[in-house]
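Read the structure below first, then the notes.
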Amino acid sequence: MIKENPKDLVPIFFNNTFNSYDRIVNYTTFGKDSFWKHKILEQLSTEKTVLDLACGTGILTKQIAEKLPYAEITGVDITKNYLEKAKEKLISFQKISFVNQDAEKLNLGKKFDCITASYLPKYCISDILIKNCIDHLNEGGKIILHDFTYPKNKFIQKLWNFYFKVLFLAGFFIPNWKQVFVDLPKLIRTTNWVIEYEDTMKKCGLKTYTQDLTYGSSTIIVGTKII
Ligand SMILES: C[S@@+](CC[C@H](N)C(=O)[O-])C[C@H]1O[C@@H](n2cnc3c(N)ncnc32)[C@H](O)[C@@H]1O
């Protein structure tokens with residue numbers, strides 16, 4: 001059942017899935033997760049400080065560190081198990097530090113040139129998350145949000161719905177992921193995260209740029225804090 005607040009799904013989805021997350025996200029998106037993260041990385045160039053919100057097991061955090069080897073990177077996540085996995089995987093990256101915090105109560109006491117968040121927006125309230133990001137963003141800095149979206153094209157919707165039925169059946173063989181494959185499609189169908197975050201960013205004076213990816217099955221919004 002979809003709870004009223006999408007945030008209630010976070011412990012249900014993430015408390016027991018940290019060990020298999022990297023494999024599952026790669027297989028279930030047919031490798032598109034790498035392509036989407038590549039599109040996020042295209043937005044980065046000379047940033048010296050980057051905050052990766054909802055860093056999870058550190059997939060994107062690692063790619064940012066590889067693209068910007070001189071940058072100081074901070075990964076934040078609300079789920080301790082995911083954060084521990086990220087720490088273990090990225091132990092050799094000395095310029096990455098990790099903090100266990102809720103992005104909606106973010107308080108790091110410093111500012112960044114860029115803030116990324118992949119698969120976080122749909123769990124959060126746009127007004128709260130964007131305000132917190134702006135408080136942690138340097139002038140001229142960018143917020144890059146990425147998440148799943150429900151395709152607008154009717155034919156693609158049919159394929160998308162069929163695919164989630166297949167994943168639902170697959171869930172019987174991967175018990176830790178069963179509830180994710182039940183609730184995630186409902187959440188993606190009902191979320192309005194793109195419109196809500198675009199509106200909030202514009203209201204807060206950010207310059208926005210939105211890019212639909214892979215037949216509208218995921219979207220990136222970039223908001224720039226104008227100097
Ligand atoms: C699907 S994982 C994505 C991890 C990573 N960004 C990636 O792209 O591989 C979603 C992550 O969001 C985290 N998360 C959800 N709500 C959060 C919040 N309010 N604050 C911080 N992290 C949150 C979860 O703990 C989980 O690790």
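All ligand and atom numbering here is 1-based and tracks the order in the structure. All heavy atoms count here, side chains included; hydrogens, waters and symmetry mates do not.
Ring geometry, Trp193 versus Tyr197: the interplanar angle exceeds 60°, so the pair is classed perpendicular (tilted spans 30 to 60°). Using cut-offs of 30° and 60° for the angle between ring planes, the Tyr163 and Phe30 rings count as tilted. In this pair, His146 and Trp36 present their aromatic rings tilted. The plane angle is within the 30 to 60° band.
Scored by the ring-ring contact (aromatic ring centres under 6.0 Å, His included) test, Tyr27 finds no partners at all (sequence neighbours excluded).
As a member of the Ile/Leu/Val/Met/Phe/Trp/Tyr network built from side-chain separations under 4.5 Å, Ile125 groups with Ile128. Taking a 4.5 Å side-chain heavy-atom cut-off between Ile, Leu, Val, Met, Phe, Trp and Tyr, the cluster of Tyr215 extends to Phe155, Ile156, Leu159.
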Could you list each nitrogen or oxygen of ligand 1 that sits under 3.5 Å from a protein nitrogen or oxygen, with the atom names and the distance?
residue, atom, partner, partner atom, Å
ligand 1, 6 (N), Ala54, O, 2.6
ligand 1, 6 (N), Ser118, O, 2.9
ligand 1, 8 (O), Lys37, NZ, 2.7
ligand 1, 8 (O), Ser118, OG, 3.3
ligand 1, 9 (O), Tyr21, OH, 3.1
ligand 1, 19 (N), Asp102, OD1, 2.9
ligand 1, 20 (N), Ala103, N, 2.8
ligand 1, 22 (N), Ile78, N, 3.2
ligand 1, 25 (O), Asp77, OD1, 2.5
ligand 1, 25 (O), Thr79, OG1, 2.5
ligand 1, 27 (O), Asp77, OD1, 3.2
ligand 1, 27 (O), Asp77, OD2, 2.7

